[in-house]
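A short worksheet on the structure shown next.
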Amino acid sequence: MRTYSTLDPVKGLIEYRDGKRPLWALSILLPLFPLLGIGLYVLSGSLWSFGLPLLFSYVVIPLLDWIIGTDSNNPPEEIVPQLENDRYYRVLTWVTVPMHFLTLIVVAWFAATQDLPFWAVMVLAFTAGIYSGLGINTAHELGHKKTGLEQALARIALAVPVYGHFCVEHNRGHHRHVATPEDPASARMGESIYQFMLREIPGGFRRGWAAEARRLENLGKSRWSMNNEILQSYALSLVLQGALILTLGWIMIPFLIVHNFWAWFQLTSANYVEHYGLLRSKDENGIFERCQPHHSWNANFLFSNLVLFHLERHSDHHANSARRYQSLRNFDDIPQLPNGYFGTYLLAYIPWLWFKVMDKRLLALPHIRGDLGKVNISSNLN
């Protein structure tokens with residue numbers, strides 16, 4: 001295993017080994033998991049095999065998070081430049097992009113060419129949608145980076161779930177307004193995930209489109225030109241999903257509608273749990289404070305972080321968005337979720353249970369201590 005080392009004038013020799021280095025490859029394998037369900041169906045003939053990836057996401061991963069537990073290890077800051085320059089970690093994100101295309105194409109082909117009942121086709125669509133939703137996570141990691149290659153790969157990955165506006169909206173909108181009432185991607189206390197969805201999905205699209213239109217206007221270019229980064233991704237979506245409909249027939253229309261919606265809902269689920277109820281304070285001039293680690297819900301659960309490129313170390317990501325996934329840190333006394341993302345999603349899907357668990361946790365945070373004036377709260381509770 002590779003050892004990173006540096007000689008610090010004060011601390012002397014500093015050495016670090018990333019014990020998770022080979023395990024980050026799990027992020028490449030997870031998008032392929034729907035293919036395992038198909039393989040088991042071919043071997044067993046049981047239609048229930050198609051539900052295995054759903055079971056894995058919503059039951060097995062939360063259980064593994066609970067059993068394996070958390071990892072609060074941080075790399076030494078003196079080593080971080082070497083860690084971030086290690087090409088291995090970048091290549092993993094690059095290789096993951098074609099995995100999303102492969103999974104959608106194979107699952108769609110299988111759903112259309114086999115003699116399956118309609119409900120089984122819809123299960124395959126839901127399954128493919130979950131794992132195409134991971135494509136938004138892949139694009140999230142890539143889209144925060146400054147290289148032209150990674151920016152292009154982010155737009156390509158977003159073509160699979162037809163969510164081409166995400167990187168523009170996320171980087172120029174969400175990161176600017178996060179944990180404020182102005183942000184459609186920050187959930188409010190007392191707002192169910194289903195209410196949030198109706199605000200977040202259209203709000204994100206409008207904000208992303210407006211941001212890209214402003215950028216192009218400043219460059220003297222039309223918003224409808226192919227310089228539009230959103231349209232570049234949507235054009236690839238049109239080619240990909242249009243080809244699936246043309247080659248595989250009408251069944252692809254309901255299949256892709258379900259697939260796309262459930263992929264979008266995976267992002268909605270992540271956005272909902274990541275900033276629920278958290279609020280940045282304003283100074284005397286009415287300006288929101290800079291985003292700090294306590295403005296995001298964090299999770300250090302080892303397994304789900306390995307398969308999500310450390311997305312759950314969200315507190316450091318928002319406070320330091322340029323950091324690459326392998327360098328993201330844990331902090332003391334920050335909001336912590338009760339499970340990894342997949343388990344927390346299940347909690348969010350049952351609003352009364354979510355409110356019972358998370359409202360208490362929110363109000364108990366050290367910087368809130370029961371003060372509703374320090375909470376991003378729904379108008380339903382005002």
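Numbering starts at 1 and runs along the sequence shown.
- At a cut-off of 3.5 Å, with distance as the only test, a side-chain donor of Ser132 or His259 sits close to an acceptor on the other residue.
- Side chains of Asn300 and Asn330: a donor-acceptor N/O pair is present below 3.5 angstrom, by distance only.
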For Glu289 and Ser281: C-alpha separation, side-chain torsions, deciding distance, then whether side chain to side chain donor-acceptor pair (under 3.5 Å) applies.
CA-CA 6 Å; Glu289 65 177 309; Ser281 61; 2.8 Å; yes
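- Each side chain to side chain donor-acceptor pair (under 3.5 Å) pair with one or both residues in residues 341-353, not counting sequence neighbours, appears once here: Ser269-Tyr349, Glu274-Tyr341.
- Trp264 has its ring centre less than 6.0 Å from the ring centre of Tyr163.
- Judged by distance alone, with hydrogens and angles left aside, the side-chain atoms of Ser49 form no donor-acceptor pair with the main-chain N or O of Gly45 at under 3.5 Å.
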Determine, step by step, whether Ile68 and Phe301 satisfy the side-chain contact (heavy atoms from CB on, under 4.5 Å) criterion, reporting the C-alpha distance in whole Å, the side-chain angles of both residues, the deciding distance to 0.1 Å, and the verdict.
CA-CA 8 Å; Ile68 297 171; Phe301 292 93; over 6 Å; no
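- Side chain of Glu191 to backbone of Arg188: a donor-acceptor contact under 3.5 angstrom is found.
- Between the CH2 atom of Trp297 and the CD atom of Gln336 there is a distance of 9.0 Å, given to the nearest 0.5 Å.
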Would you sort out whether Ser296 and Ser315 count as a side chain to side chain donor-acceptor pair (under 3.5 Å), showing the intermediate values?
CA-CA 5 Å; Ser296 305; Ser315 295; 5.0 Å; no
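- A donor atom on one side chain and an acceptor atom on the other are found under 3.5 Å apart for Tyr89 and Asp18.
- The two atoms that bring Leu92 and Ala25 nearest to each other are CD1-N, 4.1 Å, heavy atoms only.
- Looking at Arg369, its side chain does come within 3.5 Å of a backbone N or O of Pro366 through a donor-acceptor pair.
- A distance of 8.5 Å separates CG in Leu278 from OG in Ser186, rounded to the nearest 0.5 Å.
- For Arg2, the CZ atom counts as densely surrounded, since its 6.0 Å shell holds more than 12 non-hydrogen atoms of other residues, nucleotides or ligands.
- A side chain to side chain donor-acceptor pair (under 3.5 Å) check over residues 202-220, counting only residues at least two apart or in different chains, returns the pairs Glu169-Arg207, Arg172-Glu212, Asp183-Arg207, Glu212-Arg215.
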Please walk me through it: do Ile251 and Val121 pass side-chain contact (heavy atoms from CB on, under 4.5 Å)?
CA-CA 9 Å; Ile251 194 63; Val121 173; 4.0 Å; yes
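- For the pair Gly373 and Leu279, the tightest heavy-atom approach, listed with the atom from each and the gap, is O-CD2, 3.9 Å.
- Applying the side chain to side chain donor-acceptor pair (under 3.5 Å) test to every pair with at least one member in residues 152-161, sequence neighbours left out, gives these pairs: Arg155-Gln232.
- Checking side-chain atoms of Ser321 against main-chain N and O of His318 turns up no donor-acceptor pair under 3.5 Å.
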Take Thr3 and Tyr16, measure what side-chain contact (heavy atoms from CB on, under 4.5 Å) needs, and give me the verdict at the end.
CA-CA 6 Å; Thr3 299; Tyr16 176 75; over 6 Å; no
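- One finds no salt bridge joining Lys221 and Glu229 here, because no Lys/Arg side-chain nitrogen approaches an Asp/Glu carboxylate oxygen to under 4.0 Å.
- A donor-acceptor contact closer than 3.5 angstrom links the side chains of Gln241 and Asn260.
- In this structure, the side chain of Ser57 does not engage the main chain of Leu54 through any donor-acceptor pair within 3.5 Å.
- Taking 4.5 Å as the limit, every side-chain heavy atom of Phe33 sits out of range of all side-chain heavy atoms of Val307.
- In this structure, Asp8 contributes its side chain and Val10 its backbone to a donor-acceptor pair below 3.5 Å.
- The main-chain N or O of Arg21 is found under 3.5 Å from a side-chain atom of Tyr88 such that the two form a donor-acceptor pair.
- A distance of 5.5 Å separates CG of Asn228 from CG of Leu216, quoted to the nearest 0.5 Å.
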Derivation of the side-chain contact (heavy atoms from CB on, under 4.5 Å) call for Leu13 and Ser5
CA-CA 7 Å; Leu13 179 65; Ser5 63; 4.2 Å; yes
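- Donor-acceptor pairing under 3.5 Å is recorded for the side chains of Glu200 and Thr268.
- Taking the six-membered ring for Trp and the full ring otherwise, the centers of His275 and His174 sit less than 6.0 Å from each other.
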Please assess Asn74 against Arg313 for the test side chain to side chain donor-acceptor pair (under 3.5 Å), listing each intermediate value before the final yes or no.
CA-CA 11 Å; Asn74 291 334; Arg313 287 226 171 150; 3.2 Å; yes
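- In this structure, Ile156 and Phe101 approach most closely via the heavy-atom pair O-CZ, 3.3 Å.
- Sequence neighbours left out, the pairs with a member in residues 113-161 that pass ring-ring contact (aromatic ring centres under 6.0 Å, His included) are Phe126-Trp262, His140-His144, His140-His170, His140-His317, His144-His170, His144-His175, His144-His317.
- The heavy-atom pair separating Ser225 from Leu231 by the smallest distance is O-CD1, 3.9 Å.
- The hydrophobic clustering, which links ILVMFWY residues whose side-chain heavy atoms are closer than 4.5 Å, places Ile28 and Leu142 together.
- The two residues Gly143 and Asn171 make their nearest non-hydrogen contact at O-ND2, 2.9 Å.
- Grouping the Ile, Leu, Val, Met, Phe, Trp and Tyr side chains by contacts below 4.5 angstrom, directly or via other members, places Tyr58 with Leu52.
- In summary, Lys145 and Glu141 engage in a salt bridge, as defined by a charged side-chain N under 4.0 Å from a carboxylate O.
- Atoms CG and CG, from Leu40 and Leu36 in turn, are 4.5 Å apart once rounded to the nearest 0.5 Å.
- Side-chain heavy atoms closer than 4.5 Å link hydrophobic residues (I, L, V, M, F, W, Y) into clusters, and following such links, even through other members, never connects Leu238 to Val168.
- The side chain to side chain donor-acceptor pair (under 3.5 Å) analysis of residues 92-108, with sequence neighbours excluded, yields the pairs His100-Thr138.
- By the 30° and 60° cut-offs, the orientation of the rings of Phe196 relative to Tyr272 is tilted.
- With a 6.0 Å radius and a threshold of 12 heavy atoms from other residues, nucleotides or ligands, Asp115 has its CG atom at or below the threshold.
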Passes salt bridge (charged side-chain N to carboxylate O under 4.0 Å, His left out), Glu78 versus Lys11? Steps please.
CA-CA 10 Å; Glu78 297 82 359; Lys11 300 179 180 178; 2.9 Å; yes
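- Under the 3.5 Å distance criterion, the side-chain polar atoms of Asp316 are matched with a main-chain donor or acceptor of Arg329.
- For residues 229-248, no residue pair satisfies the ring-ring contact (aromatic ring centres under 6.0 Å, His included) rule, not counting sequence neighbours.
- Looking at Asn298, its side chain never comes within 3.5 Å of a backbone N or O of Ile334 through a donor-acceptor pair.
- The six-membered or imidazole ring of Trp354 lies near that of Tyr276, with a centre-to-centre distance under 6.0 Å.
- Both Phe355 and Ile193 are assigned to one and the same hydrophobic cluster, defined by single-linkage of ILVMFWY side chains at heavy-atom distances under 4.5 Å.
- Linking ILVMFWY residues whenever their side-chain heavy atoms come closer than 4.5 Å, directly or via other members, leaves Trp48 and Val59 in distinct clusters.
- Checking side-chain atoms of Arg280 against main-chain N and O of Val178 turns up a donor-acceptor pair under 3.5 Å.
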